[in-house]
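Structure first, then comments.
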Amino acid sequence: MELWKMSATELAALLDTRQVTATEVCASFFARIDETEPKLDAFLHKTREAAHRRAAEADRRLAAGEARRPLEGLPIGLKDNICTRDIPTTCASRILEGFLPPYSATVAEKLDAAGAILLGKLNMDEFAMGSSCENSYFKATKNPWDLKRVPGGSSGGAAAAVAAGQLPWALGSDTGGSVRGPAAFCGVLGLRPSYGAVSRCGLVAFASSLDQIGPMARTVDDLALLFSVICGADKARDATSCALPPESAFDPAAEPSVKGMRLGLLKEYFTAAVDASVRGAVEKAARHLEQQAGAVVIETSLPSTEHALAAYYIISSAEASSNLARYDGIQYGMAAPSGSTDPITAARSTGFGSEAKRRILLGTQVLSSGYYETTYKRAKLLQRQIAAEYKSVFEQCDLLLTPAMPSTAFRLGEKLADPMWMLQSDICTTPASLAGLPALSIPCGFSAQGLPIGMQAVGPRFSEGKLFMLAKAYEALIGGFPMQEGPL
Amino acid sequence: MQAYIQHLARLAKLSVPNDKLNTFTEKMCAFMKLAETLPPLEMDERLPAERMLLRPDTVQPSLPRESVLHNAPKVQDEYIAAPGTLQD
């Protein structure tokens with residue numbers, strides 16, 4: 001089998017037994033990237049020379065008999081809002097074109113220390129604002145299952161690259177669904193970790209109280225391995241990060257079992273707001289887990305679900321307007337056009353795209369006098385209400401199962417003119433974000449058009465181990481998740 | 001509404017070109033319609049309180065001057081050049 005078709009765990013086994021070299025692994029993935037990238041447009045920046053150098057170093061270490069580090073010789077890609085020292089980090093925005101971070105994100109340092117090999121930075125919606133990857137200043141990434149369709153967003157480049165075998169895994173970021181949505185559209189696994197489980201240091205801020213870095217992969221073992229490397233406390237650089245309790249641990253060697261696990265189907269997600277094909281696939285997967293693996297399926301409810309989307313947009317836009325105030329065209333990033341009478345306004349107006357501007361304006365509005373009480377404060381109260389409802393529902397269930405996205409991937413350009421539709425596309429993912437809970441998008445079949453469908457499993461804070469267990473049991477039941485191996 | 005959007009844009013140090021004003025207005029109205037669906041809630045003390053976490057306030061090494069200056073669009077005498085805010 002060609003190396004690029006293998007999972008990271010399979011490649012690790014071959015590297016461990018010296019059946020392949022890191023240089024061969026790296027060359028295979030770059031060959032796949034070269035073959036598919038002209039049609040996919042997943043990468044914003046490739047780090048080919050540095051990757052080959054690191055692969056050669058890894059081979060020298062291994063040949064000298066040194067122990068292989070957990071990710072040594074394994075290729076990876078990072079969403080372009082994760083800072084990488086002296087490697088361009090643009091957030092797919094013109095305002096950061098040419099920016100070279102003077103430091104690396106904690107996750108990038110951890111990957112480096114574990115021996116992973118960075119192949120490049122991946123496309124996204126500008127500043128992670130969007131659900132289609134069409135809001136990138138540079139280009140629109142395509143869905144590898146249908147090149148006329150979007151890969152989802154905002155981590156669309158990461159999802160498309162993993163689905164097409166350009167990478168075995170990647171890191172994205174999830175504020176309101178930006179890992180889970182594209183994972184569902186592209187047929188890969190995508191985890192939004194519990195808030196605080198992964199350091200946000202070096203993740204360019206969109207909405208700091210909601211942002212989380214999360215792994216994407218094609219197998220559960222890969223996803224769990226990558227998560228185990230990036231998680232943990234980083235108190236000196238991110239005060240919200242914390243050490244994970246033992247219950248979040250996952251043992252890849254353990255037999256996957258969901259026998260007796262109580263899975264709640266939230267009735268608010270099985271309405272006409274979600275396509276019938278998606279609802280049907282998620283219900284079928286739940287019944288499959290019940291009948292074939294001994295899980296117990298319970299219908300339950302989270303009454304405030306219908307308001308989560310509004311609360312999410314209010315809170316995230318408020319934080320975005322504050323976080324994006326730092327881009328002034330003076331300290332770093334794009335300079336104002338020469339001759340501007342107001343250089344800061346000129347740089348920001350030229351550098352930000354329409355979606356970023358719109359959210360800055362929304363945030364400015366909801367924080368302004370007269371609107372604060374009726375919008376921002378109300379949204380924050382609702383956020384607390386949703387967290388309390390989840391707590392109550394987890395007294396009856398171990399995990400919740402819902403659709404990850406209300407539809408399958410839509411056509412490029414199809415929804416750009418419909419602002420309400422784009423807002424509604426996050427309807428399934430925002431409640432867990434507001435409550436700071438871990439949520440995992442798991443591929444659960446294809447539509448009649450051959451487009452992937454994702455189900456979302458949500459658990460109590462730090463229940464990542466249980467989420468991996470459920471996903472692995474489902475993976476075993478269906479015989480694994482397919483990848484797009486074709487030439488595209 | 002359009003004048004209000006221009007006002008917000010000034011506060012946020014952005015300009016919205018006239019040919020984009022209609023689209024911005026339409027999208028802002030869609031959002032406001034969504035925001036208005038939020039129910040008024042009373043503060044319930046039983047709900048979990050917000051936690052404000054801050055990192056320790058300790059002195060740490062700062063970034064190297066060269067790498068910071070490297071990213072600045074305009075540098076003068078080893079300083080980042082900024083537009084003047086006071087006039088003669």
Side-chain angles (χ1 to χ4, degrees), chain A residues 85-86 98-103 235-240 306-307 309-311 313-314 317 321 324-325 328-336 342-349 352 354 357-358 360-366 368 371 374-375 378-382 384-385 387-388 391 419-420 423, chain B residues 4-17 20 23-56 58 60 62-74 80-85:
Chain A
R85 193 166 62 128
D86 295 332
F99 173 62
L100 296 175
Y103 69 99
K235 289 289 183 194
R237 305 212 292 178
D238 174 5
T240 62
E306 63 172 313
H307 301 302
L309 196 66
Y313 271 94
I314 290 167
S317 298
S321 72
L324 271 59
D328 55 10
I330 295 171
Q331 300 170 80
Y332 46 80
M334 204 192 104
D342 179 352
I344 296 177
T345 300
R348 288 167 61 80
S349 301
F352 287 129
S354 293
K357 283 183 192 167
R358 188 173 70 82
I360 292 170
L361 295 187
L362 292 175
T364 307
Q365 182 186 22
V366 301
S368 65
Y371 284 96
T374 54
T375 54
R378 217 178 257 196
K380 289 299 285 181
L381 283 172
L382 195 100
R384 290 172 64 180
Q385 175 76 32
K391 197 175 172 196
M420 282 314 285
L423 291 178
Chain B
Y4 178 61
I5 288 182
Q6 294 287 26
H7 168 67
L8 286 176
R10 272 193 300 279
L11 291 176
K13 290 208 162 285
L14 288 171
S15 63
V16 178
K20 296 270 174 67
T23 319
F24 265 83
T25 306
E26 188 192 328
K27 291 189 174 182
M28 288 286 282
C29 287
F31 172 80
M32 286 316 292
K33 214 166 136 187
L34 181 69
E36 283 164 12
T37 63
L38 268 190
L41 289 173
E42 292 301 318
M43 178 70 81
D44 184 343
E45 296 306 327
R46 291 169 302 175
L47 296 179
E50 287 263 305
R51 291 187 305 156
M52 177 65 82
L53 296 167
L54 300 172
R55 68 181 176 198
T58 50
Q60 294 176 39
S62 54
L63 294 168
R65 175 183 284 238
E66 319 77 66
S67 60
V68 173
L69 291 176
H70 175 82
N71 278 303
K74 199 172 169 193
I80 293 172
T85 51

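Per chain, numbering begins at 1; letters A, B, ... match sequence-line order.
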If we only count heavy atoms from C-beta on, is the B:H70 to A:F99 side-chain gap below 4.5 Å?
no
*Backbone N/O of A:L100 and side chain of B:N71: donor-acceptor pair under 3.5 Å*: yes
Report task. Could you check if a side-chain atom of A:L361 sits within less than 4.5 angstrom of a side-chain atom of B:V16, using non-hydrogen atoms only? Result -> yes
Worksheet item: Is A:R348 reaching over with its side chain to a backbone N or O of B:K13, donor-acceptor style, under 3.5 angstrom?
Response: yes
- Would you call B:F31 and A:V366 a side-chain contact if the rule is heavy atoms closer than 4.5 Å? yes
The interface call for B:Q60 against chain A, heavy-atom contacts under 4.5 Å, is side chain
Count the heavy atoms of every other residue, nucleotide or ligand shown that sit under 6.0 Å from NZ of A:K235, and state whether that count exceeds 12.
-> yes
Check your understanding: Any donor-acceptor pair under 3.5 Å linking the side chain of B:S15 with the backbone of A:S349?
Key -> no
Measuring only between side-chain heavy atoms, which start at C-beta, is A:I330 closer than 4.5 Å to B:P73? no
- Indicate yes or no for a side-chain donor-acceptor contact from A:R378 to the backbone of B:L38 under 3.5 Å, with no hydrogens or angles considered. yes
| task | Would you check if B:K20 and A:K357 make a side-chain contact, meaning some heavy-atom pair closer than 4.5 Å? | result | no
Among A:D238, A:L382, A:D342, the residue with the most heavy-atom pairs under 4.5 Å to chain B is A:L382
Check the pair B:V68 / A:Y332 against side-chain contact (heavy atoms from CB on, under 4.5 Å), numbers first and verdict last. CA-CA 8 Å; B:V68 173; A:Y332 46 80; over 6 Å; no
ask   = Are any non-hydrogen side-chain atoms of A:T345 and B:L14 less than 4.5 angstrom apart?
value = no
Note: B:M32 and A:Q365 closest approach over all heavy atoms is SD-OE1, 3.2 Å
Applying a strict 4.5 Å limit to non-hydrogen atoms, the region of A:T364 in contact with chain B is both
Applying a strict 4.5 Å limit to non-hydrogen atoms, the region of A:T374 in contact with chain B is neither
From the list B:A12, B:S67, B:A82, the residue making the most non-hydrogen contacts under 4.5 Å with chain A is B:A12
Under 4.5 Å to a heavy atom of chain B? For A:A336 that would be neither
Given B:P64, B:P40, B:P83, B:P17, the one with more heavy-atom pairs under 4.5 angstrom with chain A than any other is B:P40
Count the heavy atoms belonging to other residues, nucleotides or ligands that lie under 6.0 Å from CZ of A:R85, then report whether that count exceeds 12.
no
